[in-house]
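Quick caveat: nothing in here was measured; it's all calculated off a predicted structure. Whatever order the structure lists them in is the order used to number ligands and atoms, beginning at 1.
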Amino acid sequence: MGYETILVARDGGVARLTLNRPDKLNSLTARMHEEMLTALEDLSKDGETRALVVTGAGRAFCAGQDLGEDCVRPAPGKTLDFRSLLKERYNPVILRLRALSIPVVAAVNGVAAGAGVSLALAADIALAARSARFVLAFAKIGLVPDSGATYFLPRLVGRARARGLALLGDSLSAEEAQAWGLIWKCVDDDALMDEARALAQTLARGPTRAYGLIREALDRAESNGLAAQLELEAELQQRAGTTGDYAEGVAAFAEKRAPRFSGR
Ligand code: T3D
């Protein structure tokens with residue numbers, strides 16, 4: 001599929017997906033959702049990519065839904081079908097991203113608003129340029145935070161801050177986002193892509209199957225009780241412990257050298 005609204009590049013074990021509608025602050029359209037889904041589907045099957053970076057072209061990461069799209073423009077006598085829009089476009093992208101078995105790094109290069117914030121929060125590790133900001137814009141236009149924002153926010157920053165951000169829609173700087181635990185790290189603007197690439201390359205050289213299991217453990221811990229989580233850890237450890245990467249990790253430790261993980 002030739003892409004119009006995203007760019008996908010691969011470098012060794014790292015793929016980079018760039019939202020590419022800079023003149024519209026990379027706001028999300030039906031076409032963009034379709035292309036993101038296809039790209040994520042392809043990545044999940046290619047067997048070589050071991051880490052993914054998601055970023056935006058130009059001065060924004062993503063401004064959320066494109067408010068110029070007909071499907072979200074109120075008009076007399078027209079009933080807007082947000083339910084279907086979310087179920088058919090937004091939710092599958094977030095779920096597909098979370099279902100990848102490789103780590104996902106968001107490189108938030110500029111403003112993230114609305115579902116653009118949700119997209120960044122769906123990554124495993126979010127880095128942001130110092131000039132970036134996070135705007136829970138939904139309530140500003142009379143909508144409810146979506147695309148996982150109500151799921152991720154309170155888990156990351158706690159109840160009080162989640163409610164303040166969601167209700168007021170105030171802008172949060174990248175430095176505040178780091179201090180609040182919304183993101184992993186805020187870095188100088190001109191260092192962002194180098195840091196994101198280096199981080200993704202480190203992850204791509206890591207024990208990919210263990211990473212997938214770690215992500216599963218952390219995701220399921222959101223709803224499990226302690227006993228269930230201990231059971232799950234035992235199951236996942238059984239799987240991790242029978243990978244080639246575990247054998248390599250232990251051998252490397254014994255031989256006092258760096259491990260050479262194959263991702264298998
Ligand atoms: O089912 C559903 O559809 C519901 C799903 C909803 C998911 C959502 O994401 S809802 C939230 C939608 N997004 C927003 O409400 C954010 C709207 N944008 C803004 O609040 C601001 O633009 C930003 C905070 C993102 C950036 O502010 P600033 O001052 O840096 O830039 P600007 O001047 O406002 O915008 C620059 C241009 O981008 C401007 O176009 P122009 O005047 O130069 O031709 C602006 O209209 C355009 N733009 C910004 N955001 C969007 C957009 N165009 C379309 N859709 C946008 N979301």
Side-chain angles (χ1 to χ4, degrees), residues 4-6 17-37 40 54-75 78-98 106-123 126-154 156-157 161-177 180 182-183 186 189 192:
E4 281 175 12
T5 64
I6 63 172
L17 189 162
T18 306
L19 306 179
N20 192 31
R21 299 180 70 234
D23 52 325
K24 296 287 180 191
L25 304 191
N26 302 319
S27 54
L28 299 156
T29 59
R31 174 86 193 191
M32 196 182 248
H33 277 125
E34 191 189 327
E35 293 186 354
M36 288 168 79
L37 265 184
L40 294 174
V54 179
T55 191
R59 75 172 178 92
F61 176 70
C62 171
Q65 167 63 36
D66 181 334
L67 296 173
E69 261 197 321
D70 270 354
C71 57
V72 294
R73 289 177 76 90
K78 178 177 172 187
T79 306
L80 294 171
D81 189 358
F82 287 108
R83 183 184 297 108
S84 299
L85 203 54
L86 286 171
K87 288 185 174 187
E88 288 164 17
R89 284 177 40 185
Y90 284 81
N91 298 359
V93 168
I94 297 295
L95 291 173
R96 184 72 256 173
L97 199 65
R98 297 293 290 186
V108 182
N109 52 301
V111 65
V117 177
S118 313
L119 186 61
L121 302 187
L127 297 179
R130 206 167 297 284
S131 68
R133 56 204 162 102
F134 296 81
V135 192
L136 260 287
F138 303 91
K140 294 268 191 207
I141 55 169
L143 289 181
V144 176
D146 62 26
S147 310
T150 59
Y151 178 89
F152 298 121
L153 259 188
L156 288 165
V157 300
R161 285 170 162 168
R163 282 176 189 244
L165 282 176
L167 294 173
L168 300 173
D170 286 348
S171 180
L172 199 68
S173 71
E175 286 179 1
E176 288 170 313
W180 286 22
L182 189 72
I183 61 167
C186 149
D189 287 16
L192 177 73

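Inclusion of Y90 in the set of residues having an N or O under 3.5 Å from an N or O of ligand 1 is not warranted. Ligand 1 has an N or O atom lying under 3.5 Å from an N or O atom of A63, backbone or side chain.
For the pair R59 and ligand 1, a heavy-atom separation below 4.0 Å is found. Every heavy atom of K140 sits 4.0 Å or more from the atoms of ligand 1.
Taking every non-hydrogen atom of G114 and a distance limit under 4.0 Å, the qualifying atoms of ligand 1 come out as 9 (O), 11 (C). Against a heavy-atom cut-off of under 4.0 Å, V72 is close to the following atoms of ligand 1: 3 (O). Within ligand 1, the atoms closer than 4.0 Å to a non-hydrogen atom of G64 are 9 (O), numbered from 1 in the order shown. Interface of R133 with ligand 1, defined as ligand atoms under 4.0 Å from a residue heavy atom, comprises 26 (C), 27 (O), 28 (P), 30 (O). Residue L85 approaches ligand 1 through these ligand atoms, each under 4.0 Å from one of its heavy atoms: 1 (O), 2 (C), 3 (O). Each of the following atoms of ligand 1 lies closer than 4.0 Å to a heavy atom of S27: 54 (C), 55 (N), 56 (C), 57 (N). Taking a cut-off of under 4.0 Å to the non-hydrogen atoms of Q65, the atoms of ligand 1 that pass are 3 (O), 6 (C), 7 (C), 8 (C), 9 (O), 12 (C), 55 (N), 56 (C), 57 (N). Residue A113 has at least one heavy-atom neighbour below 4.0 Å for each of these atoms of ligand 1: 16 (C), 25 (C).
Pairing each heavy atom of A149 with each of F138, the nearest pair is CB-CE1, 4.5 Å.
When non-hydrogen atoms are compared, ligand 1 lies under 4.0 Å from the backbone of L67 as well as from its side chain. At a heavy-atom distance under 4.0 Å, atoms from both the backbone and the side chain of A115 approach ligand 1. Heavy atoms of D66 found under 4.0 angstrom from ligand 1 belong to the backbone as well as the side chain.
Within the 4.0 Å cut-off (strictly below), no protein heavy atom is located near atom 34 (O) of ligand 1. There is no protein heavy atom less than 4.0 angstrom from atom 42 (O) of ligand 1. Contact annotation for atom 26 (C) of ligand 1: protein present (non-hydrogen atoms, distance under 4.0 Å). Per-atom contact check: atom 15 (O) of ligand 1 touches the protein, criterion being a heavy-atom distance below 4.0 Å. Proximity of atom 55 (N) of ligand 1 to the protein is indicated by at least one non-hydrogen atom lying closer than 4.0 angstrom. Within the 4.0 angstrom cut-off, atom 50 (N) of ligand 1 has one or more protein heavy-atom neighbours.
By the 6.0 Å contact criterion, CZ on R163 is open, its count of non-hydrogen atoms from other residues, nucleotides or ligands being 12 or less.
For atom 2 (C) of ligand 1, the nearest protein heavy atom (residue, atom name, distance) is F82 CD2, 3.2 Å. In terms of protein heavy atoms, atom 22 (O) of ligand 1 is closest to L25 CD1, 4.0 Å. Of the protein's heavy atoms, K24 O, 4.3 Å lies nearest to atom 52 (C) of ligand 1.
Inspection of the T29 and D66 side chains reveals no N or O donor paired with an N or O acceptor under 3.5 Å.
Considering each of D146, L119, T29, the one bringing a non-hydrogen atom nearest atom 6 (C) of ligand 1 is D146.
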